[in-house]
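The block underneath contains the structure these notes are about, expressed in structure tokens.
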Amino acid sequence: MSEALQNRRILLIVGGGIAAYKCLELIRRLRDRGASVRVVLTSAGAEFVTPLSVGTLSGDKVYSDLFDLTDTAAIGHIELSRDADLLVVAPATADLMAKMAAGLASDLATTLLLATDKKVLIAPAMNVRMWEHRATQRNLEQLMADGIHIVGPNEGDMACGEYGPGRMAEPAEIIAAIEAHFSELEFSGAQPLKGIKALITSGPTHEPIDPVRYLANRSSGKQGHAIATALARMGADVTLVSGPTNLANPAGVNVKRVETAREMLTACEAALPADVAICAAAVADWRVDVDATQKIKKEPGAEAPALKLVENPDILATLSRLTKNRPSLVVGFAAETEKVVEHAVAKRKRKGCDWIVANDVSPETGVMGGELNTVHLITGEGQEDWPLLPKQAVAERLARSILAHFEKKKAKA
Ligand code: CTP
């Protein structure tokens, strides 16, 4: 068992949802791993689990608004969060998320969440339509922009009889996210990927039509940049070759900004040798076969210009098939809109990469440009289906898989 939770102090805020019953199991497992758990039960949460059962499992007093007046004398709001290493909200209801996003402090739980400077992890749980509602997604984006970590929700049958995303992550998944948080803190000192050189492509490419127009796609670069950040945080020497994005350069990463697919390939080749290459860019498959040095003019009555497209170099396939300087681990992404895994398995073979991260980019998923991603990691050894996660969590999980790969390789050598 991991030692990551030994002597950690968790402040668990239990919101009002049917998934609150899972917090009992969560408390037990956290304490089994050596953590201490102090629980704040919202008044809605107390409709689903009793202070008595929560307090028995946590071995501590349970804090709620009912005790507010007497408790503030003994232990103030600020102390409650100051005493914790991490705040966990499980279940995080649509209402709690909205209040957090708006910065409200209308009860003990929301006051603590606003008064803390500690990391906060939330495990959303709600009806599928509430989760998919634009308002909740907007709040989610705000919370992520505010640095809140998110685990889940999962897809499945719901207590309300519907099916879809909205089920709270299982206690084991929440524990894994909490452990990841603490091991990330440890990584900041230990740097387990020190000595590993990583090359990452990210963002779209812009293929010029003339000096002012170009062909592009909807990629934001969020996933590729998050991977660069995660690997750099674990100590890797990271070069990020990025197409045009609005994102800031990740800290501690060597960034090469390019416009076109051909420039991206040249920059990647210049960054070799590398131990691992991750191609997360949405490279334009085609470019316009023109050499217009002046803006194409719209002559009155003339026909619209016909654009002839020619194929761009495939960066992932090129890196995978290098005979000299091939990175020992080449990871591709597969952006698919149907038969996601089947197409990705074929793509892995066709491109010659070692792993492929398959994601569904059909418009209804909102993956392109959005904050969340559901991926399947396909390696030579099998397939892992990851739950719906923020891109930052996908990046951290991929970074940990890469670390495990290199540790296994080192152990074999
Ligand atoms: N890729 C690349 N260079 C290209 C096209 C794609 O490096 N010219 C990489 C992407 O970065 C990604 C993988 O190849 O890692 C798959 O990209 P995707 O757009 O899913 O596949 P395509 O090759 O474009 O195939 P299709 O459009 O037919 O799905």
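Note that the coordinates shown come from a computational prediction; the quantities given were computed from them, not determined experimentally. Order of listing sets the numbers, starting from 1, for every ligand and every atom in it.
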Numbering as shown, the atoms of ligand 1 that approach Ala335 to under 4.0 Å (heavy-atom distance): 20 (O)
The single option from Asn373, Thr374, Val340 passing side chain to side chain contact (heavy atoms under 4.5 Å, CB included) against Asn359: Asn373
Closest protein heavy atom to atom 10 (C) of ligand 1, given as residue, atom name and distance to 0.1 Å: Ala281 O, 3.3 Å
Ligand-side contact atoms (ligand 1) for residue partner Gly332, heavy atom cut-off under 4.0 Å: 15 (O)
Residue, atom name and distance, where the atom is the protein heavy atom closest to atom 3 (N) of ligand 1: Ile315 N, 3.0 Å
Glu381 with Lys408: basic N within carboxylate O range, under 4.0 Å: yes
Protein non-hydrogen atom below 4.0 angstrom of atom 19 (O) of ligand 1 present: no
Atom 16 (C) of ligand 1 [closest protein heavy-atom partner, distance rounded to 0.1 Å]: Phe333 O, 2.8 Å
Option set Pro313, Ala261, Cys279, criterion heavy-atom distance to atom 8 (N) of ligand 1, minimum: Pro313
Part of Lys351 with heavy atoms under 4.0 Å of ligand 1, whether side chain, backbone, both or neither: side chain
Sidechain N-carboxylate O distance under 4.0 Å for Lys256, Glu263: no
Check ion pair Arg326-Asp354 (N to O, under 4.0 angstrom): yes
Taking every non-hydrogen atom, the tightest pair across Val394 and Trp386: O-CZ3, 3.7 Å
Option of least heavy-atom distance to atom 29 (O) of ligand 1 (set: Lys347, Glu336, Arg262): Lys347
Numbered atoms of ligand 1 (with element) below 4.0 Å of Asp285, judged on heavy atoms: 5 (C), 24 (O), 27 (O)
Heavy atom of the protein closest to atom 28 (O) of ligand 1 (residue, atom name, distance): Arg350 NH2, 4.5 Å
Charged N-O contact under 4.0 Å between Asp275 and Lys197: no
Atoms in ligand 1 flagged as close to Ala334, the criterion being non-hydrogen separation under 4.0 Å: 20 (O)
Nearest protein heavy atom with distance in Å, relative to atom 9 (C) of ligand 1: Leu316 CB, 3.7 Å
NZ/NE/NH1/NH2 to OD/OE distance under 4.0 Å, Asp85 and Arg8: no
Protein contact of atom 4 (C) of ligand 1 - nearest heavy atom, named by residue and atom, plus distance: Val283 CB, 3.5 Å
Flag if over 12 foreign heavy atoms under 6.0 Å of CZ, Arg262: no
Salt bridge Glu407-Lys410, side-chain N to carboxylate O under 4.0 Å: no
